[in-house]
Number of protein chains: 4
Amino acid sequence: MDNNDYSDELYFSGMTEKQKKIYESALEIFAEKGFSGTSTGEIAKKAGVAEGLIFKHFKNKKLLFQKIAFMAVEKTILPLTILRTKKILSENYTDLRFFLNLFFNERLDFIKKHRTFLRIIIQEMSFDAELQNFAKKQFTEKMFPMVSEFIKRHQKKGVIIDLDPSIIIRMVMSSFLGYSILRFILSSDEEWDDDMQIKSMIDILCNGLIKRK
Amino acid sequence: MDNNDYSDELYFSGMTEKQKKIYESALEIFAEKGFSGTSTGEIAKKAGVAEGLIFKHFKNKKLLFQKIAFMAVEKTILPLTILRTKKILSENYTDLRFFLNLFFNERLDFIKKHRTFLRIIIQEMSFDAELQNFAKKQFTEKMFPMVSEFIKRHQKKGVIIDLDPSIIIRMVMSSFLGYSILRFILSSDEEWDDDMQIKSMIDILCNGLIKRK
Amino acid sequence: MDNNDYSDELYFSGMTEKQKKIYESALEIFAEKGFSGTSTGEIAKKAGVAEGLIFKHFKNKKLLFQKIAFMAVEKTILPLTILRTKKILSENYTDLRFFLNLFFNERLDFIKKHRTFLRIIIQEMSFDAELQNFAKKQFTEKMFPMVSEFIKRHQKKGVIIDLDPSIIIRMVMSSFLGYSILRFILSSDEEWDDDMQIKSMIDILCNGLIKRK
Amino acid sequence: MDNNDYSDELYFSGMTEKQKKIYESALEIFAEKGFSGTSTGEIAKKAGVAEGLIFKHFKNKKLLFQKIAFMAVEKTILPLTILRTKKILSENYTDLRFFLNLFFNERLDFIKKHRTFLRIIIQEMSFDAELQNFAKKQFTEKMFPMVSEFIKRHQKKGVIIDLDPSIIIRMVMSSFLGYSILRFILSSDEEWDDDMQIKSMIDILCNGLIKRK
DNA sequence: TATGAATGAGCATTCATTCAT
DNA sequence: AATGAATGAATGCTCATTCAT
């Protein structure tokens with residue numbers, strides 16, 4: 001994973017040079033080949049360390065993978081998503097369409113950048129209840145209240161239809177998740193007009209969510 | 001995968017008793033543990049046959065898996081989906097809301113029934129371009145024209161907004177796919193009020209897709 | 001092995017069509033890949049029969065191979081060699097150089113034709129004492145007396161030096177065997193001027209074996 | 001292969017104790033049973049190591065065999081042959097008969113000592129072009145010039161007949177190779193009077209190669 | 001901290017052979 | 001005579017993990 005939009009140093013504090021190398025190499029190979037498709041030997045080779053060192057530092061392969069997955073979710077995916085969301089929502093002039101537009105485009109860029117790794121995260125999540133719960137908890141505690149409050153505010157203004165915010169959020173998330181999966185995981189290398197597609201999707205969503213007079 | 005709603009005999013014609021046993025055992029274990037989590041030894045044991053027989057009949061593990069995945073997509077998932085869709089669309093009184101309602105509910109039941117296996121189909125698809133293309137082709141050739149025509153008919157009647165049918169279809173599919181993934185793959189055993197959720201989702205979609213006077 | 005210079009029917013008498021097919025296919029594949037490099041499955045496939053049939057007819061793989069090796073030695077290599085030798089020796093005007101010339105050239109042609117198979121025979125012989133003894137016995141009983149008598153006759157005439165005929169025979173055979181091995185087994189596809197080489201070899205041998213006045 | 005006449009340490013430098021054990025065990029079993037007749041399990045058992053270690057050190061069975069074969073040819077067979085040949089040829093009083101006598105006897109002793117292993121080297125060579133070329137190259141570059149020069153020297157003195165040295169060398173080698181094969185590979189445990197046989201063979205060769213006045 | 005030799009269980013796959021039909 | 005399904009032992013090889021240094 002590249003580090004254009006966040007600083008790595010934070011998460012690597014306390015790691016030796018070699019430990020970092022292991023972490024980074026493992027991240028790349030896991031992303032490309034999945035958990036069971038990756039061997040510790042390959043990781044060690046890529047990292048330029050002795051295979052035994054992996055086990056000194058990360059106990060075993062599963063834990064290495066989980067540490068990477070958790071750290072990716074905890075330190076990168078969620079904070080960035082939350083941070084950006086907070087920023088977008090904090091603007092006074094932000095309405096639903098504006099929010100969805102920025103959110104979808106930004107998150108899609110993020111997915112574009114990290115897609116191989118995200119694929120692994122999703123797959124791992126579908127087997128790993130702990131990672132699931134962690135992500136859900138983070139979302140529920142940090143993302144949900146923020147967005148929910150935004151929706152409620154606009155509902156009070158009579159702009160958004162009167163549905164339970166959680167339902168609206170789930171609808172928006174579902175659309176985005178489904179779109180991303182069709183877009184990236186299934187149709188990996190398609191020519192695809194994202195701008196138009198997202199605009200249409202948002203049009204329909206806004207059409208469905210915004211109150212008429 | 002159970003066989004409540006279709007007949008197995010067709011696909012198993014020409015298979016020995018033991019061959020069928022291998023197929024079925026493999027299906028179950030693959031569904032539970034994924035491709036690389038499953039060993040041929042385990043399959044053989046469950047099927048009650050010598051391990052070598054697997055290779056006599058299916059050449060190798062990958063081909064066994066692919067045969068199962070393809071047959072599931074080709075003989076079960078797609079035909080049933082297409083058949084049901086055709087039936088729903090053929091009714092004269094069918095409008096968008098009615099269609100979405102039946103479609104979402106039925107397909108969700110289908111997913112409920114076969115969820116473990118579908119999970120590995122999706123995962124496999126994300127790595128296997130051949131399976132991907134096969135599914136895309138089937139969809140494009142068999143599902144798309146049918147639904148597209150339905151949409152166009154209703155657009156002519158002035159009921160559905162004037163967007164390219166392919167965009168409308170993708171929007172609907174994305175919502176359903178995203179919902180299903182949140183519902184089953186991530187939140188595997190949640191208490192979850194499907195009826196209400198689906199109803200809301202359809203409300204929003206219809207709101208967004210149906211023309212106002 | 002082709003059958004330009006002998007008739008197959010003799011050895012195949014009593015064999016069914018499929019049995020013959022197995023025999024021929026096995027011969028070819030053994031010749032190409034050696035004993036343990038050849039699988040009964042491959043033989044069956046090439047012969048166009050069920051694998052089980054091989055074992056009905058030839059009991060097991062080892063016996064199939066041995067039958068082929070023995071039959072090749074017994075029915076083809078030795079009879080032909082003996083027949084040709086007898087014919088060459090029977091001519092009144094035959095002297096040592098003439099004999100060596102015809103013998104070396106003819107046997108070399110034979111080797112050229114059957115080289116892959118002969119390779120197997122030699123390899124098998126080095127492990128299979130029974131085949132060894134069989135070949136030695138055949139040679140001692142049928143080839144040796146004939147050639148020995150020819151040598152003795154010429155020694156009496158004062159043409160060939162007075163060494164035990166068995167030693168002379170062994171010298172000649174060694175030269176030919178060594179030459180053939182260098183020629184075919186090691187230098188498989190070399191450009192190589194056989195006529196000149198053989199002529200030189202015979203020159204030296206005759207030089208060494210023919211008495212001077 | 002025993003190590004009476006050369007020092008092992010040189011070739012085993014950098015090898016672990018266990019690695020050496022694998023090498024030695026493999027050498028013995030390969031020599032006895034040939035390449036495909038030998039299993040890695042058997043090697044590991046004899047060497048007293050875990051089977052996996054073989055693959056850590058030698059990558060795979062084929063490479064293990066080749067390393068042994070190459071090392072045998074490169075470090076043992078050729079150097080010894082070349083060394084002895086050089087020594088014999090360097091003596092001023094050396095004539096053809098003297099050279100052949102020492103060479104044949106010494107090389108025959110060498111073959112006697114290592115015959116099981118040499119058998120598989122020859123057999124492997126007939127399938128393995130790389131090993132073939134390696135041996136040929138070594139011979140052409142190191143043995144041939146030395147002997148060729150010796151022959152030319154004696155030809156100038158008018159002692160050896162005027163044939164292309166390469167032909168003379170091939171004749172001598174063929175005789176020796178053919179003799180060795182008849183002697184050891186085919187007639188494995190015969191009573192056999194080597195001294196007399198070799199003397200006769202050399203007599204005939206010298207007779208054929210030495211010029212008369 | 002770091003190495004790399006060593007382990008041993010596990011894996012997919014092959015193969016000669018048997019047997020019911 | 002012929003088939004081909006079925007066997008089960010064996011094989012080469014991989015891999016996560018341990019341990020002495």
Side-chain angles (χ1 to χ4, degrees), chain A residues 15-19 21-22 36-45 47-65, chain B residues 15-19 21-22 36-44 47-64, chain C residues 15-19 21-22 36-45 47-65, chain D residues 15-19 21-22 36-44 47-64:
Chain A
M15 281 196 192
T16 62
E17 215 44 54
K18 303 228 167 188
Q19 212 168 344
K21 269 306 236 170
I22 292 170
S36 24
T38 300
S39 78
T40 51
E42 202 182 354
I43 295 171
K45 202 173 161 192
V49 302
E51 207 176 344
L53 194 58
I54 295 175
F55 298 87
K56 276 269 153 42
H57 284 313
F58 298 94
K59 193 94 184 166
N60 62 41
K61 188 184 165 190
K62 189 80 202 170
L63 283 178
L64 167 61
F65 181 85
Chain B
M15 280 196 191
T16 325
E17 215 48 51
K18 302 228 170 187
Q19 209 169 346
K21 270 306 241 170
I22 291 170
S36 26
T38 300
S39 80
T40 52
E42 198 182 356
I43 294 172
V49 302
E51 205 176 345
L53 194 59
I54 294 175
F55 299 89
K56 273 267 150 60
H57 285 313
F58 298 94
K59 198 97 183 161
N60 60 44
K61 187 185 164 190
K62 187 83 203 170
L63 282 178
L64 167 60
Chain C
M15 282 196 191
T16 62
E17 215 44 54
K18 302 227 167 188
Q19 214 168 341
K21 270 305 236 170
I22 292 170
S36 25
T38 301
S39 79
T40 52
E42 201 181 355
I43 295 171
K45 203 173 161 192
V49 304
E51 207 176 342
L53 194 57
I54 294 175
F55 298 88
K56 276 270 151 46
H57 285 314
F58 297 93
K59 195 92 183 166
N60 61 42
K61 189 186 165 189
K62 188 80 202 170
L63 283 177
L64 168 61
F65 182 85
Chain D
M15 279 197 191
T16 325
E17 214 49 51
K18 302 227 170 189
Q19 208 169 346
K21 272 305 244 168
I22 291 171
S36 24
T38 301
S39 81
T40 51
E42 199 182 355
I43 295 171
V49 303
E51 203 176 345
L53 194 58
I54 294 176
F55 299 91
K56 273 268 151 61
H57 285 313
F58 298 94
K59 198 99 183 162
N60 60 43
K61 187 186 162 189
K62 187 83 204 169
L63 283 178
L64 168 60

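Positionally, the nearest nucleotide of DNA chain F for C:Gln19 lies more toward the 5' end than for the other of C:Gln19 and A:Lys62.
Taking the ring pair (Phe, Tyr, Trp, His ring centres under 6.0 Å) definition, one finds that A:Phe65 meets it with A:Phe30, A:Phe35, sequence neighbours left out. For A:Lys45, there are no side-chain hydrogen bond (donor to acceptor under 3.5 Å, both in side chains) partners at least two apart in sequence or on another chain. Here B:Thr40 pairs with B:Glu51 under the side-chain hydrogen bond (donor to acceptor under 3.5 Å, both in side chains) rule; sequence neighbours left out. Under the side chain to side chain contact (heavy atoms under 4.5 Å, CB included) criterion, A:Ser36 pairs with B:Ser36, not counting sequence neighbours.
Surrounding NZ of D:Lys62 are more than 12 heavy atoms belonging to other residues, nucleotides or ligands, all under 6.0 Å away.
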- Message: I'd like to compare against my own output: the B/S/- annotation of nucleotides 7-12 of chain F with a strict under-4.0 Å heavy-atom distance to protein.
- Response: BB--SB
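Rounded to the nearest 0.5 Å, atoms CD1 (B:Ile54) and CD1 (B:Ile43) are 5.0 Å apart. With values rounded to the nearest 0.5 angstrom, B:Lys18 atom NZ is found 15.5 Å from B:Met15 atom CE.
In this structure, D:Ile22 atom CD1 and F:dC13 atom C1' are separated by 14 Å, rounded to whole Å. Across the protein-nucleic acid pair, B:Glu42 atom CD and E:dA9 atom C1' stand 15 Å apart, rounded to whole Å. In this entry the distance linking CD of C:Glu17 with C1' of F:dT3 reads 18 Å, nearest Å. Following rounding to the nearest Å, A:Lys45 (NZ) and F:dT14 (C1') show an atom-to-atom distance of 14 Å. In this structure, B:Ile54 places its CD1 atom 17 Å from P of E:dC15, rounding to the nearest Å. As rounded to whole Å, 14 Å separates atom P of F:dA2 from atom NZ of C:Lys21. Atom pair A:Phe58:CZ and E:dA2:P shows a separation of 11 Å (rounding to whole Å applied).
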- Note on the structure: Pairs under 3.5 Å (Watson-Crick or G-U), crossing ones as [ ], inter-strand ones as |: DNA chain F comes out as .||||||||||||||||||||
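In this structure a side-chain-to-backbone donor-acceptor pair under 3.5 Å is present from A:Lys61 to A:Thr38. A donor-acceptor pair under 3.5 Å is absent between the side-chain atoms of B:Thr16 and the main chain of B:Gln19, judged by distance alone.
Residue D:His57 has no polar side-chain atom (N or O) positioned under 4.0 Å from OP1 or OP2 of E:dG4.
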